[in-house]
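Each chain gets a letter, A, B and so on, in the order its sequence line appears, and its residues count up from 1.
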Protein chains: 2
Amino acid sequence: MIHEHRLAPSTKLGEDEIGEIYKVSRTVVRAALQSLAHVQLVEIQRNKGAFVASPTPREAREVFEARALLEPRTARSAASRVTPRDIEILKDHIAQEHLALDAGDNGRAINLSGRFHIEIARIADQDTISQFIETLIARSSLVIALYWRRESALCESHAHHALVQSIADGDEQNAEELMRSHLVDLNSALDLRDRPVRAQNLRELLQATDQ
Amino acid sequence: MIHEHRLAPSTKLGEDEIGEIYKVSRTVVRAALQSLAHVQLVEIQRNKGAFVASPTPREAREVFEARALLEPRTARSAASRVTPRDIEILKDHIAQEHLALDAGDNGRAINLSGRFHIEIARIADQDTISQFIETLIARSSLVIALYWRRESALCESHAHHALVQSIADGDEQNAEELMRSHLVDLNSALDLRDRPVRAQNLRELLQATDQ
DNA sequence: ATATTCTATATTGTATACAATTAAGCTTCA
DNA sequence: TGAAGCTTAATTGTATACAATATAGAATAT
C-alpha cells in the first residue's frame, strides 16, 4: 500500500502528508508505518514521527552477517527440494536481470536480484526463515543505497547463474558454497567504514523493496 | 502492554474486551495486536478479529529449525565476547530457574529458560539476529504449550549450566556444540506428529513471553 | 549580532464516532 | 425436526475530533 515511495533515508514521513497522497486517513497510514517500522525500513521516534530508516554501518554489517547465516543453508535446502517449474522461474528471473542491466536500470536490477534471493528461500519451503530473509533483503536495499561503492561491479548475474545451475543439479553442497561466496562478494562491494554523507539517489533503490 | 494475557491458543481477542480490561481505546489495542501479529503470537483475520496463534506442527518444526540455525552460532559469538558481568547474569538466571523448578512452577521455568537464550543472544551483540531469536523464543512458548510431551523432562537446567561454563571459558567450539545439542534435546521433547487436541492450560505458559 | 525565552503553529498520540462486514438468533418452510 | 433465509446485534475497519508534545518563529536581552 505505502510501498510506492521512493525516498531517501532519514526522510520525514508525515502522516497527513502521506494520507493526502494516498487519500486515506491517518489511521491506516499509521498502521502501515508501524508495519514498516517493524521490519526496520522506517524508524519511528515517539512524538517526532516516522523517518525512512538509515542503517548505521553496524546495522548494515549485521544485516549481511544474518544473511550469511541464513541464506547458504536455505540455498542447500532449495537444491534438495527444487522442481523443474522452480528452475524455470529462476532462469526467467536471471533473464530479466540481464535485461535490466543492459538497459542500465540499476535500481530495477537490484530489485530483481533481491527477488531472486527471496525466490530461493521460497523454494526452500521454510516460511519462518523465508520471512526473516525477506526483511533482510528489504533492508539490504537501504544498505546498498547507502554503502555501495560505485566502482564495484554489483549485480553481476554471473553468480546467480552458477547458483541456479547447482540448484538445478541438486548439488546441495555446491549451492550452499556458492551462496556463501556470493554473499561475501556482495559484502565486499560495500564500504562500511563510516556513516555515509551521500544519502540521495535512493529513489531508484527503494523500489527494490516494493511489490 | 498487552503482554499480561495468559490465554489458550485460538482464543478470540476482542478489541473492546481488551480495551476495557486495560482502560485504553481500541486504537492502542489494535496497534498492540498488530504488533503481536507481526511476530506471529496472534493471528489477525480480516473482518474477523485477532486470535492467539496456534502454530501447526509444521510451523512448530520451522521455529525450532530456525533456532537450530541461529542459536549455535550465536552461542559461539557469545563465548568470544562475554564479560565477567555477563557470566554473573547467566548464573543468576540459572539459579532462578532452579528455584522455579523446585517450586514446581513450570510456566515460570519455561519463561526463564527462554530469557536465558535471549540473554545469550544479547551477549553475542548482534541486534538483528537477536531480534529474530526473540521472536522465535516467544513462539516457542506457544509451541511448547501445544506440543510438549509431558512425560519428557523439559527444562533440565543441566544443559544451561554446561553452556554457561563453556561460554565463560571462551570455548567457542564447545559453546556452539552444546547449544546445538541442547536445541536437539528440546526438539525431541516435543511431539509434532499432528495438530494437538489439548489446547488449554496455556495460561501459565504465555507469561513466558511477557515482560 | 547572537543567543534565549516565550508564543503560536504544526504534528503526533489517543479517543470517539461512523461505516461495513460478520455473526447470531429468529422466523419460515420443507 | 431441521435447514434455509432474513433481520438484528455485535465486531471490526476507517475517519474524524480532541489532547499532548514538539517544532518554528518572533521578541527580548545580553
Engineer: With DNA chain D as reference, determine whether B:T27 or A:N47 sits nearer its 5' end, using the nearest nucleotide of each.
Structural biologist: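 Nearer the 5' end of the strand: B:T27.
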Engineer: What is the distance from CD of A:E20 to P of D:dT16, rounded to the nearest Å?
Structural biologist: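 My rounded result for the distance is 12 Å.
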Engineer: Would you call B:E176 and B:R180 a salt bridge, using N to O less than 4.0 angstrom?
Structural biologist: yes
Engineer: If the cut-off is 4.0 Å, is B:R46 near the phosphate of D:dT12, judged by side-chain N/O to OP1 or OP2?
Structural biologist: no
Engineer: So what does the secondary structure string of DNA chain C come out as, 5' to 3', with Watson-Crick or wobble pairs under 3.5 angstrom, [ ] for crossing and | for pairs with another strand?
Structural biologist: ||||||||||||||||||||||||||||||
Engineer: Check the distance between D:dT14's C1' and B:Q34's CD and give it to me in whole angstrom.
Structural biologist: 12 Å
Engineer: Are B:S130 and B:R122 close enough that a side-chain donor and a side-chain acceptor fall under 3.5 Å?
Structural biologist: no
Engineer: Whole angstrom is fine here: how far is it from CZ in A:R26 over to P in D:dA15?
Structural biologist: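 Answer to the nearest Å: 12 Å.
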Engineer: Ion pair present between B:E88 and B:K91, side-chain N to carboxylate O less than 4.0 angstrom?
Structural biologist: no
Engineer: In whole Å, I'd like the distance from the CD atom of B:E15 to the P atom of D:dT11.
Structural biologist: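 From B:E15 CD to D:dT11 P: 11 Å.
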Engineer: Around atom CZ of B:R73, are there more than 12 heavy atoms from other residues, nucleotides or ligands closer than 6.0 Å?
Structural biologist: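 Count not over threshold, so no.
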Engineer: Quiz question: by atom type and distance under 3.5 Å, do the side chains of B:D86 and B:T83 form a donor-acceptor pair?
Structural biologist: yes
Engineer: Taking atom C1' of D:dA22 as reference, at what distance in whole Å does atom CZ of A:F51 sit?
Structural biologist: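 Nearest whole value for this atom pair: 11 Å.
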Engineer: Under 4.0 Å between a side-chain N or O of A:K48 and OP1 or OP2 of D:dA20?
Structural biologist: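 The answer is no; no side-chain N or O of A:K48 sits under 4.0 Å from OP1 or OP2.
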Engineer: Please report, rounded to the nearest Å, how far the P atom of C:dT11 is from the CZ atom of A:R30.
Structural biologist: 14 Å
Engineer: If you measure from the Lys or Arg side-chain nitrogens to the Asp or Glu carboxylate oxygens, is any gap between B:R115 and B:E119 under 4.0 Å?
Structural biologist: no
Engineer: Looking just at side-chain N and O atoms, do A:Q34 and B:Q34 make a donor-acceptor pair shorter than 3.5 Å?
Structural biologist: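 No, B:Q34 and A:Q34 have no side-chain donor paired with an acceptor closer than 3.5 Å.
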Engineer: Provide, to the nearest angstrom, the distance between the NZ atom belonging to B:K12 and the P atom belonging to C:dT22.
Structural biologist: 13 Å
Engineer: So, OP1 or OP2 of C:dA15: does either fall under 4.0 Å of a side-chain N or O from B:S25?
Structural biologist: yes
Engineer: Write down the distance between CG (B:D16) and C1' (D:dA9), rounded to a whole number of angstrom.
Structural biologist: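 After rounding, the reported distance stands at 13 Å.
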